[in-house]
Amino acid sequence: MPISWSTATSTCSTPRWPASCPGRCRRSVSSCSTRHTTSITSALRLSVSASASRRWKALNETCGASRKRLIGRFKATDANRLRAEYNRLVDGLAQRGNLPISDAWLANPALPDDILKEAVPGNIRRAEHFLAVLRRLVRFLDGRLETETVENEMPVSFVASIHSQAGIDQKMLRFCYDRLHSLMLTLEITDTDEFMHIQTICDFATLIGTYTRGFSIITEPYDERMPDIRDPVIQLSCHDASLAIQPVFDRFQTVVITSGTLSPIDLYPRLLNFNPVISRSFTMSLTRDCICPMVLTRGSDQLPVSTKFDMRSDPGVVRNYGRLLLEMSSAVPDGIVCFFVSYSYMDGIVNSWNEMGILQDIMQHKLVFIETPDVVETTLALDNYRKACDCGRGAIFFSVARGKVAEGIDFDRHYGRLVIMFGVPFQYTLSRILLARLEYLRETFQIKEGDFLTFDALRQAAQCVGRVIRSKADYGMMIFADKRYSRHDKRSKLPGWILSHLHDAHLNLSTDMALHIAREFLRRMAQPYDKMGSGGNKTLLTEEDLQNMAQDAMEM
Amino acid sequence: MFEFDNVTNRDLCRDFVARVLGKQQGTVPPRLNVLPENSITSTRPEQLSSMEMQRRMKLLQDDSELQKLHKKFVLGNILQESEFWASRKNLLDDEANKGSKQRPGFKSAMLADVRPSADGRTNKVTFSLTTEIIHQIFAEKPAVHRAFLDFVPKKMSEKDFWTKYFRAEYLVRTKNIVAAAAEAAEDEELAIFLKNDDILAKEARLKIKRVDPTLDMEADAGDDYIHLPGHGIIHDGSKETIDTDSDFARRTLSQDLNRHAAVVLEGRSSDVELTNTKTVAEALAKSKKELPSSISDDSNNERLAKVARMTEIEDLQGPRSLPYAPLCIKDPREYFDSQQANALRSLGGNNDGRRIRSSRLSADDAFHHLLDQISSIKVNGLSCPVVHSDVALKETKWKGQKAKEMENTGFKLWYSGTVANKNRVLNELNEGISRSRRLNLKNPQEGLLGQIPQCTRDELMDHWTAIQELLRHFWSSYPITTTVLYNKVQRVKDAMTQIYQKLQDIKESAQPDVRHEMSKLVKPMTQALDAAFNHDLDQQQKVSKAGNCKP
């Protein structure tokens, strides 16, 4: 059964996950698209973090309050309804009226089949008993948060210690999510926001009860950047992306994965744990050289630029980056998009530019808009950015790699004639979640840390710069501004459609050379676009062309 | 270019000029009647409607360069009113389409971000304010605006108000959260400046309903789980741990920048002269009231149109022309000079001496300007074909006969007559100029124009524009078919001879050390004039020859 999903709107290909699945799993299961707009997040980040002791306390209180309210509701409810629920639970979850088995895949891809068919264990079937179990579980987690050292556990050992200390076995944990869900349905609770915290706890319990591998539970007593402030967190992190994609492979006979950022193409099957029947990399069929990638390694003063940890706060590098943007903003029409490696880096560099006066100079040429963690503000900024590009005023958008904008907004046509990637968007390598994940990948799939980190960073970079072009009539430039891009091991990880346009002469540029190339490119591209093309470069094929092509294919 | 101290003065003067211009325009037609050689076709006095008249006057007012030319030629009896405007039909047409005046916008610089200046010895910091800055502050921070309207002058004086405002700003700038909180607790007026702007938040909620649906990230925020508390990776280095509890959540630079850019984009809605703070505040309030904040079907349709635009396949469809804001430049020379200066200033850095930079700059922008002028002529020339098509056909035939001779003499500039040919001449000139510009760029220290005194430079510029205008009329009147054209050519030729003479004078009177540069500069102009004279001579010879052959 071949399935074809549109990839233009990624949301419709994102199924609802039952238990908390925070990593927006962008999957494109598609039979036709050559868009590079979608990509597979290689990991389903499942982390249920109960962070900050203060917040934890609040959570604990609300849990208590929720329990009390639940009991209150439950006493007021008709006993018959509770009995009916009890019977349903005996029959197993799948027979419940609200969960038709046919849609089970869409609703529950992360839960194996047996959990849907099995009956809920007897000792949590009664509501009071279930609440008592929850109370014990919360108390146990409370105890774990008091730890003084960083702990990294596999679900198995964590479940074992729950069993020994709180007397809750794996099966009970596994049914927590559904049991709570069912109870809330029975009690006809509508204001689910109030029960969010207890839901989080149940999600956590179900996940550790279901999976024995691919996850780890990391307990940190403090943020390592501020070791003297106590801020305990328990995080459940998923290391294995194949868990999320597995139900898709189980359910459908033919699965086609398309993306513009799949390179290197051999790594994905390993990460997602499947054997591709066919794997092909296609070149872009362009009628003209409408993309112009460049690697900028030096600033205008010929000193190297990079966001490497020891260089990123160097004022020289900050200034060189600023001058690059300034000169480009005076030469490039309409929209320019800049991607930075992180929010904190972006904040820092924008503040420095402001103090150096570079930002003021940039604003002489174009208006400046910035992505912020606030979604509403970012949306408005984007809207204004487009307006500024539409009316000819020209604008610059500052954005963050791995951010929401990088993931879902196109900067095609005049909305983005140039995209600058400042630095290589490596993940924060000191993060314990990342370290645990790297270890898992090495042990399970034999993927080297360095390989994975580079692959991940370059995929993100390609994702960012790929936003600039959408059709053959479009054109845009891409500047990779970091000296590390000139190294072959990094560069070769970029997708083929970028590499094929990356000429050797564009590999080691300084700001003034890049400016020169940009001017030439823009002059060439700004000519009227010839829709008819010439020879084999046609944009629109006629019926005759198609027949000719078919004939050629036959002869071959 | 006139400069005025204040606006009322300018307006007075403008009215006066308009009146004089109007009067003179009125006197042109009678003068035409006096001239006896005029043929019947042009003796008919121009029947200009008052609309047309006003439009022309407005054009002259808006474009000082045009005004100068008009004064020189039309009032100097070299060109006729109708001839002058005939080559500027496109200007008139454009003007007919858009009646509205270009509104002044906000400056792109962040004026509201007033930097304190400390004197270094004491702990005092000084902020300086102008009405322009205040206007921007009000526009970007509606809460401050509201507070101003509420408090001043009932509760406090204007000076106190701004002192408080800047005290708050200073606390924000120095990121002194504790002190800010303490101050805010003591002083409720000051707290207003520190709190998040509630009016902005309200506006944002309204605006978010109108954004382009393809951008609306807020709408699909519920699709994933990251937005839920307790999900997603924390401590991954990308997120700052922000203390969200603080009532005075830090206003970040990013927010300020976004807000500023949005205000600049919206533009200034009032035409109020910024004379004092109170009027600024009131005018802004008035203009806001006028702005209806309704979300009608209209905006809904607009949203749908936007979606359609984003989903179409561009390479299979024709490009769409977006509604752009037309730019109206009153004095192109000044504008381009300042642009060039800006660009150079930002690129030039602060390393080398001012003198060198300024000389290089002036050379550069002068040439920039010349190129600009030429290209504008090209556009104008193309858009108003003065030569009718049948005439042009004849002309090409004639050209074909002539072409061989031309090649032999090697005078490429020679054979012109049609509009297209004229362009070729200009292209040739263009090349010559860019060649000399390139030469000049090689040794930027010895700027060509830099050594020439300012007044001479201006004079040269004026001559250049005059020559352009005259040449345009000269070439467009060939082939001479009527006596009207003949007369026109004679007049234009006389004027050109005068200018030629003046150019020679300038060249000769130049200081010996700059004479070489000067002649280089004057050369393209004289060449262009020479080409015209030669052509005229040739024509006359042809006519006389024909006259001799067939008596």
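Chain A is the first sequence line, chain B the second, and so forth, proteins listed ahead of strands; every chain is numbered from 1.
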Segment of A:Ile409 engaging chain B (4.5 angstrom heavy-atom cut-off): side chain
Atom pair CG (B:Leu265) and CG (A:Asn384), whose distance is rounded to the nearest 0.5 Å: 5.5 Å
Which atom of A:Val368 lies closest to which atom of B:Asn258, heavy atoms considered: O-OD1, 4.3 Å
Heavy-atom closest contact (A:Leu367 atom, B:Ala261 atom, distance): CD1-O, 3.8 Å
Nearest heavy atoms of A:Asp347 and B:Ser254, plus distance in Å: OD1-OG, 3.5 Å
B:Leu257 and A:Val350, any side-chain heavy atoms less than 4.5 Å apart: yes
Inter-residue atom distance A:Phe369.CZ - B:His260.NE2, 0.5 Å rounding: 9.5 Å
A:Val405 portion near chain B, given a 4.5 angstrom heavy-atom threshold: both
